[in-house]
Amino acid sequence: MSGERVADIWGPRTPFPSGASWPRRVDQYLVDGVAEADVQEWVRGACLLCSNGCGLEVAVRDGRMVGVRGRAEDRVNHGRLGPKGLYGWQGQQHDRLTTPLIREGGRLVETDWETAMAAVVERSRSLLETKGPLSHAFYTSGQLMLEEYYTLCVIGKAGIGTPHMDGNTRLCTATAASAFQESFGSDGQPGSYTDVDSCDALFLFGHNVAETQTVLWTRMLDRLDAGDPPRLVCVDPRRTKVAERATVHLPVRNGTNLAVMNALVHELIARGWVNEDYVRTHTVGFDELDRLTRDATPEWAAEICGVPARDIRAAAEIFGTSERVVSTCSMGFYQSHQATAASCQVNNLHLLRGMLGRPGAGILQMNGQPSAENNREAGCGPALPGFRNWDNPDHVRELAELWNVDPLVIPHWSAPTDANAILRFAEQGSIGFLWIAGTNPAVSQTDLARIRRILSGDQCFVVVSDGYRTETTELADVVLPAALWAEKTGTFTNVDRTVHLQEKAVEPPGQARGDQAIWTDYARRMGFADKDGHPLPAWDTSEQAFEAWKAASAGRPCDYSGLTYQKLHDVGGVQWPCTSEAPNGTERLFTDGVFNTAVEKCETYGHHLATGAPVGETAYRARGVDGRAILKTTAYDHPYEEPDATYPMRLTTGRTVYHWHTRTKTKRSRQLNEAAPAMWVEISAPDAQRLGIAEGDIVRVASRRGSIEAPARISDVREGVIFAPWHYGDPESAANELTLNGWDPVSKQPELKVAAVSVTLIRPGDGPAPAPTTTASAPVRPFADTGRE
């Protein structure tokens with residue numbers, strides 16, 4: 001299997017009927033020249049190259065990783081692995097950072113750990129003494145381990161006392177968290193992957209699961225190819241592989257998601273497809289929801305979204321007449337100006353039908369990254385750990401007692417700082433110390449010219465921890481070599497709350513260290529301590545950090561108290577909450593119709609979905625929610641940028657099946673890089689004909705912020721839309737040179753799905769590049785989704 005899964009992305013079918021168990025199929029890849037008998041050890045863990053979190057084992061020979069195989073008994077994948085899981089780990093074995101770097105005379109030069117950390121501590125201490133905690137910020141990833149996130153949370157929130165903590169999860173999963181908080185009172189996925197096995201309808205909202213979570217799509221394909229397949233509805237402006245299998249495909253104009261969602265809710269109410277007993281007993285806000293969607297007819301939405309009203313009605317009828325519906329939602333909805341409102345409407349559809357808490361009826365507001373859930377749970381982003389409410393003094397007091405610090409140290413005087421604000425403060429210089437870990441914002445953030453100016457300026461001292469030299473490390477003042485997946489031990493949690501233990505398989509290269517070790521070293525050098533003079537954080541090893549996290553999560557919605565490293569080693573993935581009362585984990589949340597909205601339990605008091613204005617405790621109490629879900633939406637509004645005479649087309653960005661984020665790993669995997677080695681843009685056939693563009697021609701795509709040049713591909717993107725994958729970092733072809741600085745008012749997730757652009761033919765190309773084909777019904781080349789991980 002040297003690379004055949006590049007062409008045959010999802011592997012052979014194993015169809016199964018509704019309610020049956022998904023059959024096992026073990027996928028394996030060993031590097032050339034290594035046979036299974038040559039493997040000296042198989043080390044247990046899970047894949048960290050999408051948010052699916054597939055259980056696997058790492059093959060080790062002579063101290064090196066030489067392959068992987070799926071774990072048949074794992075609840076997530078039943079042995080399967082996707083192309084990135086099979087081949088992407090090889091990228092860790094090439095071009096790694098092995099020594100610290102420090103900037104001298106405008107250049108990064110090699111140094112030792114002592115010199116590098118001394119420079120970090122000197123600048124950090126100086127700023128704390130002169131400007132205080134608000135001078136410090138941390139920007140992390142959705143790919144680290146829970147133990148690392150929680151360690152940094154304690155350092156930032158109890159050691160330093162800064163509210164400026166966020167991650168690139170702001171780009172991918174912030175809206176998932178916000179939508180759950182607004183509807184259900186706290187973060188946390190209600191559903192389970194096993195719901196796919198027994199549903200009779202699947203709704204995929206802005207989620208090209210075929211490429212972004214290939215193993216989950218494999219599970220869906222095996223149900224679709226059975227004798228009793230679920231009906232499938234796909235909301236996506238491109239005719240993806242998901243759309244090809246759809247019963248109803250709604251190819252909406254990007255930026256109009258809320259209009260179609262309001263129309264779907266309108267239809268459920270107007271046609272009487274509402275479980276009135278469930279709504280009356282378990283929700284609040286129905287009358288307001290009815291009022292706000294009363295005029296949102298399918299005909300009204302059709303004019304805005306550019307889809308036939310009859311198709312909107314057909315989709316609503318499927319939802320309204322099915323007994324068991326699973327909905328997923330992803331970046332095509334999240335990276336939008338009305339992201340939280342549209343995603344809340346997905347929740348509302350399920351609440352109106354009582355489609356929660358039972359097999360085959362659930363919601364998966366998808367994470368974009370493999371451990372984004374951990375970032376949210378552990379408080380390493382703009383939140384308190386354990387889904388606690390920063391505006392609830394009792395929650396703050398709980399943490400203060402747990403950490404043995406004064407409650408005033410923990411930042412809770414105003415809302416925590418999101419990444420957009422962190423970057424603005426760094427641009428202005430009020431943040432003078434920015435530590436970036438495990439991410440590459442010089443490619444992944446919006447309006448890249450601005451990001452480069454911020455990170456390269458003298459107004460902010462930038463520290464970067466990474467496993468590679470990237471576009472971001474080249475702008476830093478200090479660069480620290482970090483250990484990566486399977487080079488350290490720790491846990492991470494996937495989309496449906498499944499916790500895996502990744503055990504250390506090999507040593508990191510050179511002087512690279514794990515992020516937890518790096519941050520603990522920083523904390524010790526800074527002298528962070530609790531009220532009794534004991535070190536903060538109070539642990540050194542990953543297992544000690546995990547035990548500390550268990551104490552922080554106990555009694556909270558994301559309760560890990562029943563988990564141990566040994567249990568995770570023996571069993572594989574286990575879902576939280578896992579307690580002494582539920583030692584095997586909890587498959588679905590809200591089975592009793594009681595939600596985390598009680599005043600003393602909720603993670604937030606909510607926001608106005610149009611403005612982002614906080615509701616506040618007094619108004620929240622007055623509503624008398626008391627454990628019921630909240631039905632809420634707002635009116636549709638236009639995107640920040642609409643096409644005009646100068647920029648007449650809409651840009652949307654996304655991912656390809658073969659790459660992960662900014663390609664730091666996957667471009668170093670031969671099979672994956674050969675499948676998609678360079679940037680391209682997609683244009684519809686009518687637009688290409690009108691502009692005189694042929695397949696492979698070089699075109700310039702320009703927005704108000706910049707321009708890129710790349711080969712054109714004629715695709716099934718809707719007319720008037722240009723699609724660009726965002727993985728490629730060269731300023732001449734990086735999609736985010738074009739994107740704008742706008743975001744959803746609640747989740748603060750940037751608008752990456754709509755920008756007004758022009759397209760111009762530059763020169764004829766050399767014809768279409770060779771592309772792999774799949775065993776699917778139609779040829780496939782390296783292609784990408786309307787979402788983003």
Side-chain angles (χ1 to χ4, degrees), residues 46 53 75-76 144-154 157-158 177 180 184-190 192 371-380 383-389 392 394-405 410 489-503 516 530 536-592 594-596 598 600-603:
R75 67 172 308 276
V76 170
L144 305 180
M145 292 176 165
L146 185 154
E147 296 81 355
E148 294 167 335
Y149 291 126
Y150 188 54
T151 296
L152 182 58
C153 166
V154 174
K157 290 180 167 63
F180 285 143
F184 307 137
S186 77
D187 198 353
Q189 303 282 349
S192 167
S371 64
E373 188 70 37
N374 297 130
N375 190 309
R376 287 145 54 182
E377 296 163 2
C380 200
L384 295 182
F387 298 158
R388 287 176 172 86
N389 188 341
N392 185 327
D394 291 336
H395 288 189
V396 176
R397 194 176 304 113
E398 287 175 9
L399 288 177
E401 291 174 358
L402 187 71
W403 296 336
N404 192 28
V405 298
I410 300 172
T489 294
T491 55
F492 42 83
T493 305
N494 80 338
V495 167
D496 79 339
R497 297 171 284 106
T498 300
V499 185
H500 281 101
L501 173 67
Q502 176 62 57
E503 300 174 31
Q516 182 189 333
D530 66 13
L536 275 177
W539 53 83
D540 294 297
T541 70
S542 61
E543 191 162 11
Q544 290 169 346
F546 186 75
E547 291 298 314
W549 163 247
K550 285 166 56 178
S553 71
R556 296 301 302 163
C558 53
D559 195 327
Y560 280 61
S561 60
L563 290 173
T564 63
Y565 272 18
Q566 188 63 51
K567 176 183 284 189
L568 293 170
H569 170 86
D570 293 342
V571 176
V574 180
Q575 288 172 288
W576 65 250
C578 180
T579 65
S580 58
E581 291 77 24
N584 298 318
T586 305
E587 192 162 27
R588 296 172 189 89
L589 305 182
F590 315 133
T591 56
D592 56 0
V594 177
F595 299 87
N596 296 324
E600 65 276 4
K601 190 171 187 178
C602 66
E603 188 177 358

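Computation of the quantities below employed the complete heavy-atom set of this structure, encompassing side-chain atoms and omitting hydrogens, waters and symmetry-equivalent molecules.
In this view, S553 satisfies the side-chain hydrogen bond (donor to acceptor under 3.5 Å, both in side chains) rule with no residue, not counting sequence neighbours. With sequence neighbours left out, T591 forms a side-chain hydrogen bond (donor to acceptor under 3.5 Å, both in side chains) with no residue at all. Residues forming a ring-ring contact (aromatic ring centres under 6.0 Å, His included) with F546 (at least two apart in sequence, or on another chain): Y565. With sequence neighbours left out, A598 forms a side-chain contact (heavy atoms from CB on, under 4.5 Å) with E600, K601. Listed by chain and residue number, T169, T173, N367, Q369 satisfy the side-chain contact (heavy atoms from CB on, under 4.5 Å) test with A372 (two or more places apart in sequence, or in another chain). With sequence neighbours excluded, no residue forms a ring-ring contact (aromatic ring centres under 6.0 Å, His included) with W403. Considering only residues two or more places apart in sequence or on other chains, D394 meets the salt bridge (Lys or Arg N to Asp or Glu O under 4.0 Å) condition with R397. The side-chain contact (heavy atoms from CB on, under 4.5 Å) check on T493 picks up E373, N374, E377, V499, Y560, W576, with sequence neighbours excluded. Considering only residues two or more places apart in sequence or on other chains, T489 meets the side-chain hydrogen bond (donor to acceptor under 3.5 Å, both in side chains) condition with none of them. For E398, the side-chain contact (heavy atoms from CB on, under 4.5 Å) partners are R388, H395, not counting sequence neighbours.
Residue pairs meeting the salt bridge (Lys or Arg N to Asp or Glu O under 4.0 Å) criterion with at least one member in residues 539-554, sequence neighbours excluded, are R524-D540, E547-K550. Residue pairs meeting the salt bridge (Lys or Arg N to Asp or Glu O under 4.0 Å) criterion with at least one partner in residues 566-583, sequence neighbours excluded, do not occur; the list is empty.
Of the possible donor and acceptor atoms, none in the side chain of R497 sits under 3.5 Å from a partner among the backbone N and O of Q575. Of the possible donor and acceptor atoms, one in the side chain of E603 sits under 3.5 Å from a partner among the backbone N and O of D187.
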With side-chain hydrogen bond (donor to acceptor under 3.5 Å, both in side chains) as the criterion, how do R75 and S192 come out once you've worked through the C-alpha distance, each side chain's angles and the decisive distance to 0.1 Å? CA-CA 10 Å; R75 67 172 308 276; S192 167; 2.9 Å; yes
Go through Y150 and W539 one step at a time and tell me if the side chain to side chain contact (heavy atoms under 4.5 Å, CB included) criterion holds. CA-CA 11 Å; Y150 188 54; W539 53 83; 3.5 Å; yes
Just do the side chain to side chain contact (heavy atoms under 4.5 Å, CB included) check on L589 and F184 with the steps written out, would you? CA-CA 10 Å; L589 305 182; F184 307 137; over 6 Å; no
For V396 and L384, run side chain to side chain contact (heavy atoms under 4.5 Å, CB included): C-alpha distance rounded to whole Å, both residues' side-chain angles, the deciding distance at 0.1 Å, then the answer. CA-CA 8 Å; V396 176; L384 295 182; 4.1 Å; yes
T579 vs S561, side chain to side chain contact (heavy atoms under 4.5 Å, CB included): CA-CA, chis, key distance, verdict: CA-CA 5 Å; T579 65; S561 60; 3.9 Å; yes
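None of H500, Q502, E147 except one satisfies the side-chain hydrogen bond (donor to acceptor under 3.5 Å, both in side chains) rule with T491; the exception is E147. Tested against V405, the residues V154, L399, L536 include a single side chain to side chain contact (heavy atoms under 4.5 Å, CB included) partner, L536.
Between N584 and V574, the closest side-chain pair of non-hydrogen atoms is not below 4.5 Å. Inter-residue side-chain proximity for N596 and P557 is flagged as met; some heavy-atom pair is nearer than 4.5 Å.
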